Student: 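Below is the structure I would like to discuss, written out as structure tokens.
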2 protein chains.
Amino acid sequence: MRSYGQFCAMAKALDLVGDRWSLLIVRELLIRGPLRYTDLRQGLPGIATNLLAQRLEGLEKTGILRREYAPPPIATTLIDLTARGKELESVLFELGKWGAPLLAKPGNHDAFCGHWLALPAKHLLHDQTPDGPPVTLEIRSGGEPLSIEAAGGSVHFRIGPAKNPDLALSGTPLLMLGVLMGKREFASACKEGLKYEGDPNILRRLQPTA
Amino acid sequence: MRSYGQFCAMAKALDLVGDRWSLLIVRELLIRGPLRYTDLRQGLPGIATNLLAQRLEGLEKTGILRREYAPPPIATTLIDLTARGKELESVLFELGKWGAPLLAKPGNHDAFCGHWLALPAKHLLHDQTPDGPPVTLEIRSGGEPLSIEAAGGSVHFRIGPAKNPDLALSGTPLLMLGVLMGKREFASACKEGLKYEGDPNILRRLQPTA
DNA sequence: CGGCATCCTCTTTGATACTG
DNA sequence: CAGTATCAAAGAGGATGCCG
């Protein structure tokens, strides 16, 4: 991208991460940590492979990410954010907060990956019952499932299935999101197609109070 | 801009404000309130007029800004953010915080407008002596001067010259920014070309404590 | 297979000129 | 003042090819 040529912090930031796909690449790396090229690509449905390569080159040059060869059994290069790149998390979080209302509509033909829920969940879910026994929640909605664990007052995430989840949810992204964030009644979500196994009450332990 | 087609709040946000110039247009409107087309353009050095017109159309359609005819003596249409558009302030602020280190270098051929300091100043400056008498600071560095007033514990801004500023600063954007934010010694800034009239001590009343 | 590079088409941008 | 019109250059998207 061409520089804006303005002595302004926001313009300078956009010089580095303002072009198409750049911030979504950062999103993927924030959520899923070090990734192989091909795995990164799967979290960015719609990107052209040449464009991804081009962006990675740019983001590496500006110190936002780094590529490093990982020895066997990985035996390939992994892409990861630098410390500076990770500082973009608050930008992405604010952007997501602002964009959240736009998810109110079904968005039927949109691509979806379960792990995209991790970033909002990380900021918005809290363990409301710190003294209770640990509970595990599994979200199945698209691509890899997402495991969420609440224990001792904090919440943790992992991409992949949980061992013995206390509750497993599956359904459309829209339903899942509404139920997780407490914006939609569990019962009404079930009527609209949400499926679950386990104890729905553990949702209340995680949902934001507001 | 083409939609990313992803069911993700960040991607949806970027669908609306992710294309070139959009966030800088929002920056201008946040800082300078309702503006005429031509005045808006002056705060966006480098934008092509057809592109500005195109962006305004898009941002109006998505409910981020609004155009309204103002009766004489203005007798033209004014462009302003909607409430939804104003909510982008936190996004821009985080972006600016992230981008701030990029202003450490002179950036010699960059364009600059004094009012661009208003947004960081609004968030970072505080009145450290709420009980003191009101003081006024005038910043002259490019385009219109910026007036900053500290009184009764809060800080206010206005584009344009101050009546009787207790301190007026002029110099390069880099020096100005460093001195304002307390990252550069006043004396050393003066050696590098910062000019002032009035009482430099009032700076300490505003500078961030960190 | 993983990690790109090439080629081609289509869209977006940038620069400038012009108009009601 | 507030744009539209025009046109060249850059960038994005899609398919495919190449090489360890």
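Since this is a predicted model, take the numbers as computed values, not measurements. Letters A, B, ... are given to chains in the order of the sequence lines, protein chains preceding strands, and every chain is numbered from 1.
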Student: Tell me the interatomic distance from B:L44, atom CG, to C:dG14, atom P, rounded to whole angstroms.
Tutor: 12 Å
Student: In residues 26-39 of chain A, which residues come under 4.0 Å of DNA chain C by heavy atom?
Tutor: A:R36, A:Y37, A:T38
Student: Within this structure, what is the CD-to-C1' distance between A:E68 and C:dG2, rounded to whole angstrom?
Tutor: 18 Å
Student: Using the rule salt bridge (charged side-chain N to carboxylate O under 4.0 Å, His left out), only one of A:R67, A:R55, A:R84, A:R66 pairs with A:E60; which is it?
Tutor: A:R67
Student: If you look at every strand shown and take non-hydrogen atoms under 4.0 Å, does A:R41 touch a base, only sugar-phosphate, or nothing?
Tutor: nothing
Student: Side chain to side chain contact (heavy atoms under 4.5 Å, CB included), that's the test. Do B:L51 and B:R20 meet it? Break it down for me.
Tutor: CA-CA 9 Å; B:L51 197 50; B:R20 195 159 163 74; 5.6 Å; no
Student: Quick one: A:Y69 OH to D:dG20 P, roughly how many Å, whole number?
Tutor: 16 Å
Student: Please evaluate residues A:S22 and A:M1 with respect to the criterion side chain to side chain contact (heavy atoms under 4.5 Å, CB included), reporting the C-alpha separation (whole Å), side-chain torsions for both, the decisive distance (0.1 Å), and the verdict.
Tutor: CA-CA 11 Å; A:S22 287; A:M1 167 182 281; over 6 Å; no
Student: Let me know the distance between CD1 of A:I79 and P of C:dG3, rounded to the nearest Å.
Tutor: 7 Å
Student: Find the distance A:R2:CZ to D:dA8:P and express it as a whole number of Å.
Tutor: 18 Å
Student: Nearest whole angstrom, please: distance from the C1' of C:dG3 to the CD1 of A:I74.
Tutor: 16 Å
Student: Kindly give the heavy-atom pair with the smallest separation between B:L169 and B:Y196, and that separation in Å.
Tutor: CD2-CB, 3.7 Å
Student: Relative to each other, are the rings of A:H123 and A:F93 parallel, tilted or perpendicular (30° and 60° limits)?
Tutor: parallel
Student: Once you round it to whole Å, what is the distance between C1' of D:dA12 and CD1 of A:I47?
Tutor: 10 Å
Student: Please check if the side chain of B:E94 supplies one atom and the backbone of A:S90 the other of a donor-acceptor pair under 3.5 Å.
Tutor: no
Student: Does the A:R41 side chain pair with the main chain of A:R36, one donor and one acceptor, at a distance under 3.5 Å?
Tutor: no
Student: Would you call B:E89 and B:K122 a salt bridge, using N to O less than 4.0 angstrom?
Tutor: yes
Student: Run the side chain to side chain contact (heavy atoms under 4.5 Å, CB included) test on B:L52 and B:W21 for me, step by step, so that the C-alpha distance in whole Å, both residues' side-chain angles and the decisive distance to 0.1 Å come before the verdict.
Tutor: CA-CA 8 Å; B:L52 177 55; B:W21 292 105; over 6 Å; no
Student: Would you mind reading off the distance between A:Q42 atom CD and C:dG3 atom C1', rounded to a whole angstrom?
Tutor: 14 Å
Student: Looking at DNA chain C, which of residues 17-25 of chain B put a heavy atom within less than 4.0 Å of it?
Tutor: B:R20, B:W21
Student: So, taking the atom named CZ in A:R158 and the one named CD1 in A:I148, what distance separates them when rounded to the nearest 0.5 Å?
Tutor: 11.5 Å
Student: Under 4.5 Å between any side-chain heavy atoms of B:E144 and B:H115, yes or no?
Tutor: no
Student: Mind running a 4.0 Å heavy-atom check of residues 48-65 of chain B against DNA chain D and sending the residues that fall below it, in number order?
Tutor: B:T49, B:N50, B:A53
